[in-house]
Amino acid sequence: MAKQLHYGTTAKVFHWLIVALLIVQFPLGWFLPDIHHGVKRGDAMTFHISFGITILALIVLRFFWRITHPVAPASSLPGWQQLISEAVHWLFYAFVFATTMTGWIFASERGWSISLFFATPLPTLPIEGSLLARSIGNWHGTMEWSLFLVIGAHVAAAMAHTFIFRDRIMQRMLPEKPTVVRTKGLKPEVVVMKPAQDRV
């Protein structure tokens with residue numbers, strides 16, 4: 001499949017929607033009460049789980065969209081930067097998936113009833129009381145920090161390309177500005193081409 005040169009509108013919508021949800025999700029998770037000490041989950045936890053499930057669904061859709069609509073690396077980047085950029089993107093997918101899945105396992109192992117924003121009940125995994133599931137679920141916090149570090153590296157690279165290298169790499173993921181051609185007040189001009197023998 002031929003790779004596109006630029007990200008399309010769908011890829012950009014997936015990207016920025018996931019970014020917006022992660023901006024809400026990280027502080028919501030970090031400032032929750034310490035649920036490891038028997039504190040009952042409340043509305044904040046329901047929102048945290050709901051955002052997590054939403055992010056999981058979006059990252060799966062984004063993953064399949066990326067496979068079916070691949071985008072070529074920026075030709076202006078040296079080979080080593082293209083390799084690192086590709087690696088960071090795949091690490092981002094891996095850690096988002098791992099973070100959301102370990103969170104789902106964490107909640108399911110404890111037998112919590114899960115709903116999507118208090119509206120739609122969501123299925124729990126059949127692992128309540130499983131020691132293996134509890135061990136995997138306890139990796140949720142580690143996956144969060146790993147994802148945070150990958151996002152930090154991605155943002156730092158984007159800022160470097162925008163403000164230091166100024167190579168417009170960031171423009172590939174930003175909304176495109178429409179080109180406006182102003183014709184008001186302009187008059188068409190007719191150019192008459194003279195035959196070659198008439199030229200001096």
Side-chain angles (χ1 to χ4, degrees), residues 7-69 71 88-156 158-159 170 173-176:
Y7 292 100
T9 300
T10 302
K12 292 177 182 179
V13 170
F14 275 131
H15 178 272
W16 292 110
L17 185 56
I18 292 171
V19 168
L21 291 174
L22 287 174
I23 289 175
V24 176
Q25 182 73 321
F26 272 115
L28 187 60
W30 288 336
F31 292 111
L32 283 174
D34 186 359
I35 55 177
H36 297 284
H37 289 81
V39 178
K40 293 183 179 180
R41 62 184 181 85
D43 293 350
M45 180 57 71
T46 299
F47 277 115
H48 183 65
I49 294 173
S50 298
F51 281 123
I53 294 295
T54 304
I55 292 170
L56 176 61
L58 288 174
I59 204 65
V60 170
L61 292 174
R62 176 70 182 95
F63 175 78
F64 283 107
W65 186 265
R66 181 183 177 89
I67 292 177
T68 56
H69 299 78
V71 176
V88 168
H89 275 90
W90 289 113
L91 280 174
F92 174 77
Y93 288 118
F95 281 126
V96 169
F97 184 79
T99 302
T100 52
M101 282 304 301
T102 52
W104 192 2
I105 291 172
F106 185 95
S108 297
E109 187 276 327
R110 284 155 178 76
W112 294 348
S113 59
I114 304 174
S115 66
L116 186 65
F117 299 107
F118 305 98
T120 304
L122 294 173
T124 57
L125 302 174
I127 53 175
E128 184 176 354
S130 167
L131 295 179
L132 177 60
R134 177 176 290 270
S135 178
I136 295 174
N138 288 335
W139 279 87
H140 182 59
T142 303
M143 294 298 101
E144 281 184 328
W145 279 108
S146 300
L147 174 59
F148 185 74
L149 292 175
V150 170
I151 293 174
H154 181 64
V155 171
M159 294 299 99
M170 185 71 174
M173 190 50 78
L174 294 177
E176 296 179 0

Participant: Looking at every heavy atom in both A11 and Y7, which two are closest together, and how far apart are they?
Facilitator: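 Taking A11 first and Y7 second, the nearest heavy atoms are CB-CD2, 4.1 Å.
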Participant: Using the rule ring-ring contact (aromatic ring centres under 6.0 Å, His included), only one of W145, F51, F148 pairs with F26; which is it?
Facilitator: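 Testing each of W145, F51, F148 against F26, the sole residue satisfying ring-ring contact (aromatic ring centres under 6.0 Å, His included) is F148.
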Participant: Shortest non-hydrogen contact from F117 to S50?
Facilitator: N-OG, 2.7 Å
Participant: To the nearest 0.5 angstrom, please state how far the CZ atom of R62 sits from the CD1 atom of I55.
Facilitator: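 Output value for this atom pair is 15.0 Å.
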Participant: Any donor and acceptor pair, going by atom type alone, linking the side chain of W112 with main-chain N or O of T124 inside 3.5 Å?
Facilitator: no
Participant: Working to the nearest 0.5 angstrom, can you tell me the gap between L147 CG and Y93 OH?
Facilitator: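 So the CG of L147 and the OH of Y93 are separated by 13.0 Å.
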Participant: Between F92 and V88, is a side chain to side chain contact (heavy atoms under 4.5 Å, CB included) present by the stated rule, with each step listed?
Facilitator: CA-CA 6 Å; F92 174 77; V88 168; 5.5 Å; no
Participant: Got a sec, which pairs hit side-chain hydrogen bond (donor to acceptor under 3.5 Å, both in side chains) with one end in residues 18-31, sequence neighbours left out?
Facilitator: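 Applying side-chain hydrogen bond (donor to acceptor under 3.5 Å, both in side chains) to every pair that reaches into residues 18-31, excluding sequence neighbours, yields Q25-H48.
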Participant: Output the distance between atom CG (L56) and atom CD1 (I49), rounded to the nearest 0.5 Å.
Facilitator: 13.0 Å
Participant: Would you indicate whether the side-chain heavy atoms of H89 and H154 approach each other to under 4.5 Å?
Facilitator: yes
Participant: Measure the CD1-CG distance between I151 and L91 for me, rounded to the nearest 0.5 Å.
Facilitator: 11.5 Å
Participant: With a 4.5 Å heavy-atom cut-off, do T46 and L116 have their side chains touching?
Facilitator: no
Participant: Of T99, L122, I114, which meets side chain to side chain contact (heavy atoms under 4.5 Å, CB included) against W104?
Facilitator: I114
Participant: Please confirm whether the backbone N or O of P121 pairs with a side-chain atom of S115, one donor and one acceptor, at under 3.5 Å?
Facilitator: no
Participant: For E128 and G111, work out which heavy atoms get closest and say how close.
Facilitator: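 Residues E128 and G111, closest heavy atoms: CD-CA, 3.7 Å.
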Participant: Just how far is it from atom OG1 of T100 to atom CD1 of I59, taken to the nearest 0.5 Å?
Facilitator: 8.5 Å
Participant: I want to check a possible cation-pi pair here: R66 against F64, using under 6.0 Å from ring centre and within 45° of the ring axis as the test.
Facilitator: no
Participant: Which pair of non-hydrogen atoms, one from K12 and one from L174, has the smallest distance, and what is that distance?
Facilitator: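 Looking at all heavy atoms of both residues, the shortest contact is NZ-O, 2.8 Å.
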Participant: I need the minimum non-hydrogen distance between I105 and A133, along with the two atoms involved.
Facilitator: CG2-O, 3.4 Å
Participant: Does any non-hydrogen side-chain atom of F118 lie less than 4.5 Å from one of F47?
Facilitator: yes
Participant: Can you name the salt bridge (charged side-chain N to carboxylate O under 4.0 Å, His left out) partners of E109, sequence neighbours left out?
Facilitator: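 With neighbours one apart ignored, the set is R134.
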